[in-house]
Novice: 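Have a look at this one.
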Amino acid sequence: MQMDWNKHLGKLLNVTMNENYGVVYGKGEKDHPVFYEIVFKTGKLISAFDNSLLLEATRENQVYNIYIPFASIKCVEIF
């Protein structure tokens, strides 16, 4: 089933990810990296491609873009 994501440009999306992991490194050399599961990505839909979505989000007063391939998406909530 195909969905026209362009109808939802500018809307807030909450994306539940398939199994996907990230890593956070400590400030010191002796700090061990912490691995965590990435469960959600939230942001405003700014572009849709044939195989992915591009969200815009703000964290710690910095704007950044999140590129999400469709293969990584389990489900999407649209607000």
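All values reported here derive from a predicted model rather than from experimental measurement. Positions are given from 1 along the sequence.
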Novice: So which heavy atom on F79 is nearest to which on K11, and how close?
Specialist: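 Smallest heavy-atom distance, with atoms named: O-CB, 3.4 Å.
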Novice: First locate atom CG of L55, then atom CG of N65, and finally report the distance between them rounded to the nearest 0.5 Å.
Specialist: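 Here the interatomic distance stands at 8.5 Å.
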Novice: Let me see the working for I73 and L53 under side chain to side chain contact (heavy atoms under 4.5 Å, CB included), right down to the final yes or no.
Specialist: CA-CA 10 Å; I73 297 173; L53 300 175; 4.0 Å; yes
Novice: I46 and V63: same hydrophobic cluster, using ILVMFWY side-chain contacts below 4.5 Å?
Specialist: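 I46 and V63: separate clusters.
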Novice: Is it possible for you to say whether F70 and F49 belong to one hydrophobic cluster, with membership spreading through side-chain heavy-atom contacts below 4.5 Å?
Specialist: no
Novice: List the residues meeting side-chain hydrogen bond (donor to acceptor under 3.5 Å, both in side chains) with T42, not counting sequence neighbours, and say none if there are none.
Specialist: N14
Novice: Please tell me if the side chains of I78 and W5 come closer than 4.5 Å, counting only heavy atoms from C-beta onward.
Specialist: yes
Novice: If you look only at pairs with a residue in residues 43-56, which of them pass as a side-chain hydrogen bond (donor to acceptor under 3.5 Å, both in side chains), with sequence neighbours excluded?
Specialist: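 Counting only pairs at least two positions apart or across chains, the side-chain hydrogen bond (donor to acceptor under 3.5 Å, both in side chains) contacts touching residues 43-56 are S52-Y67.
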Novice: Would you say T16 and F40 make side-chain contact, with heavy atoms under 4.5 Å?
Specialist: yes
Novice: Is there a path of hydrophobic side-chain contacts, each under 4.5 Å between heavy atoms, that joins I66 and L9?
Specialist: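 Yes.
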Novice: To the nearest 0.5 Å, what is the distance between NZ on K41 and CD1 on I68?
Specialist: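 So the gap between those two atoms works out to 7.0 Å.
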Novice: Looking at every non-hydrogen atom in both residues, tell me the closest pair between G43 and A57 and how far apart they are.
Specialist: CA-CB, 4.3 Å
